[in-house]
Number of protein chains: 2
Amino acid sequence: MESHREAVTSLDVAREAGVSQSAVSRAFTPGASIAADKRERIIAAAEKLGYRPNPLARSLMRGRSNIVGVGVGDLANPFFVQTLQLLSDALDGAGLRLMLFPARGGSRPEPTIHEILHYRLDALVMLSVSPSSALTEQCRRAQVPVIHYNRTTTAHDASSVVGDNGTGARAIAAHLLAGGHHRIAFMAGTPETSTNAAREAGFAGYLAEHGAPAPIRECGHYAVDASMAAMRRLLLRTERPDAVFCANDTMALAAISVARHEFGLDVGREISIAGYDDVPMAAWPAFSLTSFSQPASRMVAETLRLILALRSDPDDHQTVIAEGTLVVRGSTRPVGR
Amino acid sequence: MESHREAVTSLDVAREAGVSQSAVSRAFTPGASIAADKRERIIAAAEKLGYRPNPLARSLMRGRSNIVGVGVGDLANPFFVQTLQLLSDALDGAGLRLMLFPARGGSRPEPTIHEILHYRLDALVMLSVSPSSALTEQCRRAQVPVIHYNRTTTAHDASSVVGDNGTGARAIAAHLLAGGHHRIAFMAGTPETSTNAAREAGFAGYLAEHGAPAPIRECGHYAVDASMAAMRRLLLRTERPDAVFCANDTMALAAISVARHEFGLDVGREISIAGYDDVPMAAWPAFSLTSFSQPASRMVAETLRLILALRSDPDDHQTVIAEGTLVVRGSTRPVGR
DNA sequence: CTGAAAGCGCTAACAT
DNA sequence: ATGTTAGCGCTTTCAG
């Protein structure tokens, strides 16, 4: 009678290699003390039998799963997709598993995530979604460190990785002012988010400091449809803005689309539009979007670093701020003339 | 001295409720035989203590993890992203966890996935990536059923969910012929993939059956840069094509971009461009891409159905073909005139 | 229906 | 360095 699922266990390997079962365990544990020749014999036997340590049992014993939970909201934003891809590669390279779950943006608390926590996750990364305070509390109780990605947090027992939103937004403001614009608008993303707050504050702050009027404001909620609607409202004003800074690229691409195809405007001459993130599509000739580039790969690398640090010390929380660069393209009026 | 991670165990709940530990287990097992009032008392005690069954231990005993592995290749294609989002929601709704891993397209066998298999996965879904034959064999040995998404397979011990590529491609061909086109081109995706093969065969087949010459062929490898290059080659021909069918939308959007912005062509009048998948961006005014719509949500629903079916019978393999619809937009010359 | 007992496959003391 | 012995937290016979 076969065992559970006819799986090869460490005991099988032990018998095959003529050693104890714990020796097999040690052979598969990096730092363990075991004679080199013995280890090799065991590895050989394991290979022959097609053995692999059962990660479930291992996690149960170790009290740690080697799994990182990743909560995502709307994947419509290419910046998150890019991040997810990079993160999936990075974790894979570090021998960690990635458990993905939908984390609806702050609305009602998801039941699922509570269950996920009990996997003894090495860390929980929230990709541009803010966990409810209840969830945060649950994480603390379950001893799962939380890393906020692209969001800051007031909580002191959480890490976060963000771009330098204030500086980025100021760079955009400077660029638009230098381009000779006077009626400048700001298209906000979701108002409650820290990214939007920081970008808006930096943008408006720079304008104010340089004697420009406060920007006209519309809200696109980081969504395509809402941004199109917001852009229409902006362009139907009697005092039509001559420049629009959208709080992310998704909104900016939608805005360009509306300006060009619905209002027949020559983007980059009659109106300037700038975004934030520098997603791959921003570089397409169809858009040629001026944007502030968030260094996704560096941000992900930092996230991995935090995860590894938190593995050794779950209380070693940090906030990482990654610098970006302004990428000037054709969607904004050139400065030099 | 605290236990491992000061976690609440079923034993704690048992003591609190004054029952045996196995009773607690039964209270959390849907079909188990336990008195209703006793169950309620247990649930109450569990709630009070903040208890949840440890999924690791549960999986270890049950020999099944409630985890579905999902292998993804390049997430640059919005169709896959959309699918991933839908799948993540669907699995979540069914109480299943989603373990994401990067599965490089068919190149060398990834070491990671071999490890993932040992989680006693309920299923392994390959999103538009073909597993190596070695991997397929491993899955068989580990008793993990494989589901190919957007790919057919010759293997008889695997399921697959695909769109009706032949029919879709023929619909595009019919639409282009009806539009009065004569020099028709086909931009291929990755040649080795079953999707490309089916779309190309359907397209060329329809043209041949209707007396049209075989399509001019270039290859865009389902990638943006390669597609832009391919489009340039097509448009630099002395006999410039007046219609191009791209094997997916990613390539078609890139093609539009090149035609319009590099060659100054009026897409939809001077040249027709059609794609496949009907990704969200296809509907943007900036592109207005005629495309054959793959019913992503239905395909994902079918995938979930297969997963659940395979849970009860791991050998119950099926092939599901989902029908789509032609979505005519402005990027192709209208038929009626 | 319910409790006691035997593991799932592994790791981590504990003694050699 | 190695084998033996306890468990990790749970499910599942097995008696009753």
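Model, not experiment: these values are computed from the prediction. Quick note: numbers below take in every heavy atom, side chains included, and nothing from hydrogens, waters or symmetry partners.
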Intermediate values then yes/no, ring pair (Phe, Tyr, Trp, His ring centres under 6.0 Å), B:F80 and B:Y149: CA-CA 10 Å; B:F80 304 156; B:Y149 187 97; 8.3 Å; no

Integer-rounded Å distance: C:dG7 C1' and A:L11 CG: 13 Å

Interatomic distance, B:Q21 CD vs C:dG7 P [rounded to whole Å]: 16 Å

Residue pair A:N66 / A:R120, side-chain donor-acceptor N/O under 3.5 Å: no

Any N/O donor-acceptor pair, A:R120 side-chain to D:dG9 base, under 3.5 Å: no

Quiz item: A:S22 side-chain donor-acceptor pair to D:dT5 base, under 3.5 Å: no

Whole angstrom value for the distance that separates P of D:dT5 from CE of A:M61: 16 Å

Shortest side-chain distance from B:A35, nucleotide among C:dC10, D:dC10, C:dT2: C:dT2

Whether over 12 other heavy atoms sit under 6.0 Å from B:E323 CD: no

Phosphate-side-chain proximity, B:Y119 and C:dG9, N/O vs OP1/OP2 below 4.0 Å: no

Closest nucleotide among C:dT11, D:dG3, D:dT12 to the A:A23 side chain: D:dG3

Distance in angstrom units between B:I42 CD1 and D:dC10 P, rounded: 13 Å

Residue-phosphate contact under 4.0 Å: B:R58 side-chain N/O, D:dT11 OP1/OP2: yes

Between B:Y222 and B:T195, a side-chain donor and acceptor under 3.5 Å: yes

Of A:P55 and B:A36, the one whose closest DNA chain C nucleotide lies more 5': B:A36

Flag for A:N196-A:T190: side-chain donor and acceptor within less than 3.5 Å: no

Base D:dT13 paired with B:R26 side chain (donor-acceptor, <3.5 Å): yes

Contact under 4.0 Å: A:T9 side-chain N or O vs C:dG9 OP1/OP2: no

Nearest-angstrom distance from the residue atom CZ of B:R64 to P of C:dC8: 18 Å

Value in whole Å for how far the C1' atom of D:dG9 lies from CZ of A:R62: 17 Å

Sugar-phosphate only, base, or nothing, as touched by A:F28 at under 4.0 Å among non-hydrogen atoms: nothing

Residue A:S10, side-chain atoms from C-beta onward, closest of D:dT12, C:dG3, C:dC10: C:dC10

A:P53 side chain, from C-beta outward: closest of D:dT4, C:dC10, C:dA5: C:dC10

Nearest listed nucleotide, side chain of B:S25, among D:dT11, D:dG3, C:dT11: D:dT11

Closest to side chain of A:A57, choosing from C:dA4, D:dT2, C:dC10: C:dC10

Rounded distance (Å) that lies between atom P of D:dC8 and atom CG of A:N66: 21 Å

Per A:V19 side chain, nearest of listed nucleotides D:dT11, D:dG9, D:dG3: D:dG3

N/O (side chain, B:K38) to phosphate O (OP1/OP2, C:dT2) under 4.0 Å: yes

Candidate nucleotides D:dT11, D:dG7, C:dC1, ranked by approach to the side chain of B:S33 - the nearest: C:dC1

Donor + acceptor pair across side chains of A:Q21, A:S10 (<3.5 Å): yes

Integer-rounded Å distance: C:dG7 P and A:N54 CG: 18 Å

